[in-house]
Amino acid sequence: MFDIGVNLTSTQFAKDRDQVVKRAKDAGITGLLITGTNALESQQAQSLATRRPGYCWSTAGVHPHHASEWSGETAATLKRLAESAEVVAIGECGLDFNRNISEPEQQVYAFNAQLELAAELAMPVFLHCRDAHDRFLAVLTPWLPTLPGAVVHCFTGTREELEACLAAGLSIGITGWVCDERRGVALRELMPLIPADRLLLETDAPYLLPRDMRPRPPSRRNEPCFLPHIVQVVAGLRGEEPEALARQCDANARKLFRLPA
């Protein structure tokens, strides 16, 4: 039961980061992938992963919200980080046309640059796409033959978008969004369509606390220790045993990110 998306660098974890990791272990979580979203947080993510060898790894990348910060220095920082054993993917990178915190063309430029870096280093990519599906695939597709793998993190798209991502060979990351009785209805219907060897699970902690958890946690903060709840929900939607699904998704994560079994 591997959590492929944990924002452990978040200030929401500043006071109890070690306890968060311990609770994850106690809950049966077999590993954590700490997300890098800009140059600084990618460095922080790698540093956190070095303190927990064999249990935590990290990504190095620039989220589309931070695309306007992209520079030659940023690229050099990511490349240096990628040389460390803890960094196992380039990202979080991609396109987010929902809020356009960075201009769309800035996002495309930074996305292309990170795909180029991943191809150069033969590393998988950890992808973000929101309200940008067509442009996202248009940018990504030419790079796919040179990449060892890719996962669309926190997938919340339509059936047509899911089918296009699967046709492109992408893995699909599912979060507690699928537990939302309002926003997650359409996503729930797609769970049986994801091939078993392409499904990955994540909390995106501290965000996206599953809305259907009972009793509700006293804080709205999500944690990796809540991943078993997501496993239960997804397994139910797929008609599978939770334990078998957890093992399959763990194996998928270790294969994609080339981690020891």
Side-chain angles (χ1 to χ4, degrees), residues 2-7 10 33 35 37 59 61-67 89 91-102 104 107-108 111 124-141 149-196 198-213 220-224 226-238 245 249 252-253 256:
F2 196 105
D3 190 342
I4 69 155
V6 183
N7 297 283
S10 169
L33 185 61
T35 311
T37 57
T59 72
V62 173
H63 188 287
H65 288 345
H66 296 278
E92 178 175 358
C93 60
L95 301 178
D96 191 318
F97 293 169
N98 177 264
R99 297 171 68 187
N100 283 327
I101 291 176
S102 290
Q107 295 184 41
V108 169
F111 187 24
V125 285
F126 188 82
L127 300 169
H128 176 105
C129 179
R130 189 174 185 191
D131 294 348
H133 174 78
D134 291 344
R135 191 76 182 277
F136 170 81
L137 278 185
V139 175
L140 175 63
T141 299
V151 56
V152 183
H153 140 78
C154 191
F155 180 86
T156 57
T158 65
R159 176 170 182 156
E160 292 73 21
E161 290 169 353
L162 174 64
E163 290 172 345
C165 287
L166 291 173
L170 308 180
S171 293
I172 307 297
I174 296 297
T175 66
W177 188 283
V178 78
C179 304
D180 191 320
E181 75 282 3
R182 297 178 303 175
R183 298 183 299 173
V185 172
L187 183 63
R188 293 167 70 90
E189 296 174 356
L190 303 182
M191 290 303 97
L193 304 181
I194 305 173
R198 238 71 92 68
L199 177 61
L200 298 167
L201 297 176
E202 52 181 319
T203 56
D204 201 27
Y207 315 114
L208 296 182
L209 176 71
R211 284 178 52 88
D212 61 352
M213 288 186 68
R220 291 183 61 85
R221 187 184 74 171
N222 198 6
E223 287 195 25
F226 300 147
L227 187 65
H229 179 80
I230 299 172
V231 171
Q232 290 277 347
V233 171
V234 173
L237 294 168
R238 291 171 61 85
L245 179 67
C249 292
N252 293 345
L256 177 63

* To do: Could you give me the CA-CA distance, side-chain angles and deciding distance for Asp204 and Asn7, then say whether side-chain hydrogen bond (donor to acceptor under 3.5 Å, both in side chains) is met?
  => CA-CA 6 Å; Asp204 201 27; Asn7 297 283; 3.0 Å; yes
* Which is it for Cys165 and His133 under the side-chain contact (heavy atoms from CB on, under 4.5 Å) test, yes or no, and what are the steps along the way? -> CA-CA 9 Å; Cys165 287; His133 174 78; 4.2 Å; yes
* **side-chain contact (heavy atoms from CB on, under 4.5 Å) between Leu187 and Phe155, intermediate numbers included** => CA-CA 9 Å; Leu187 183 63; Phe155 180 86; 3.9 Å; yes
* Verify side-chain hydrogen bond (donor to acceptor under 3.5 Å, both in side chains) between His63 and Asp96, making sure each step is shown before the conclusion. => CA-CA 9 Å; His63 188 287; Asp96 191 318; 5.0 Å; no
* Residue pair Leu33, Asp3: steps toward the side-chain contact (heavy atoms from CB on, under 4.5 Å) verdict -> CA-CA 6 Å; Leu33 185 61; Asp3 190 342; over 6 Å; no
* Asked: Do Val151 and Ile172 pass the side-chain contact (heavy atoms from CB on, under 4.5 Å) test, and can you show the C-alpha distance, the side-chain angles, and the key distance before you say yes or no?
  -> CA-CA 5 Å; Val151 56; Ile172 307 297; 5.9 Å; no
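The two atoms that bring Arg188 and Val233 nearest to each other are NH1-CG1, 3.9 Å, heavy atoms only. For the residue pair Ile230 and Ile174, the shortest heavy atom distance occurs at CG2-O, 4.5 Å. The shortest heavy-atom contact between Pro224 and Val6 is CG-CG1, 3.8 Å. Nearest heavy-atom pair, Leu95 versus Ala132, reported as atom, atom and distance to 0.1 Å: CB-CB, 3.7 Å. Closest approach of Ala235 and Leu245 over heavy atoms only: N-CD2, 3.5 Å.
Taking the charged nitrogens against the carboxylate oxygens, Arg221 and Glu223 do have a contact shorter than 4.0 Å, which makes a salt bridge.
Between the side chain of Glu163 and the main chain of Glu160, no donor-acceptor pair closer than 3.5 Å is present. When atom types are taken as modelled, the side chain of Arg198 and the backbone of Leu166 share a donor-acceptor pair closer than 3.5 angstrom. Here the side chain of Arg238 pairs a donor or acceptor atom with the backbone of Met191 at under 3.5 angstrom. Judged by distance alone, the side chain of Thr59 and the main-chain N or O of Gly91 form a donor-acceptor pair under 3.5 Å. A donor-acceptor contact shorter than 3.5 Å is absent between the side chain of Asp180 and the backbone of Arg211. Under the 3.5 Å distance criterion, the side-chain polar atoms of Asn98 are left unmatched by any main-chain donor or acceptor of Arg130. Under the 3.5 Å distance criterion, the side-chain polar atoms of Thr37 are left unmatched by any main-chain donor or acceptor of Val62. In terms of modelled atom types and a separation under 3.5 Å, the side chain of Ser102 and the main chain of Ala67 share a donor-acceptor contact.
Between Phe111 and Phe136, the gap from one ring centroid to the other is short of 6.0 Å.
Here the straight-line distance linking atom CG of Asp131 with atom CZ of Arg99 works out to 11.5 Å at 0.5 Å rounding. With rounding to the nearest 0.5 Å, the separation of CG in Leu200 from SG in Cys154 is 13.0 Å. Atom-to-atom distance recorded for Leu190:CG and Thr158:OG1 is 7.5 Å, nearest 0.5 angstrom. Here the straight-line distance linking atom OG of Ser171 with atom CG of Leu199 works out to 9.0 Å at 0.5 Å rounding. We find the SG-CG distance between Cys249 and Leu201 to be 4.0 Å, quoted to the nearest 0.5 Å. Here CG of Leu227 is found 10.5 Å from CZ of Phe2. Values are rounded to the nearest 0.5 Å.
If you run side chain to side chain donor-acceptor pair (under 3.5 Å) between His128 and each of Glu92, Gln107, His153, only Glu92 comes through.
Counting only N and O atoms by type, the side chains of Asn222 and Thr203 include no donor and acceptor under 3.5 Å apart.
Between Leu170 and Leu140, some side-chain heavy-atom pair lies under the 4.5 Å cut-off. Side-chain contact between Phe97 and Pro104 is present, with at least one heavy-atom pair separated by less than 4.5 Å.
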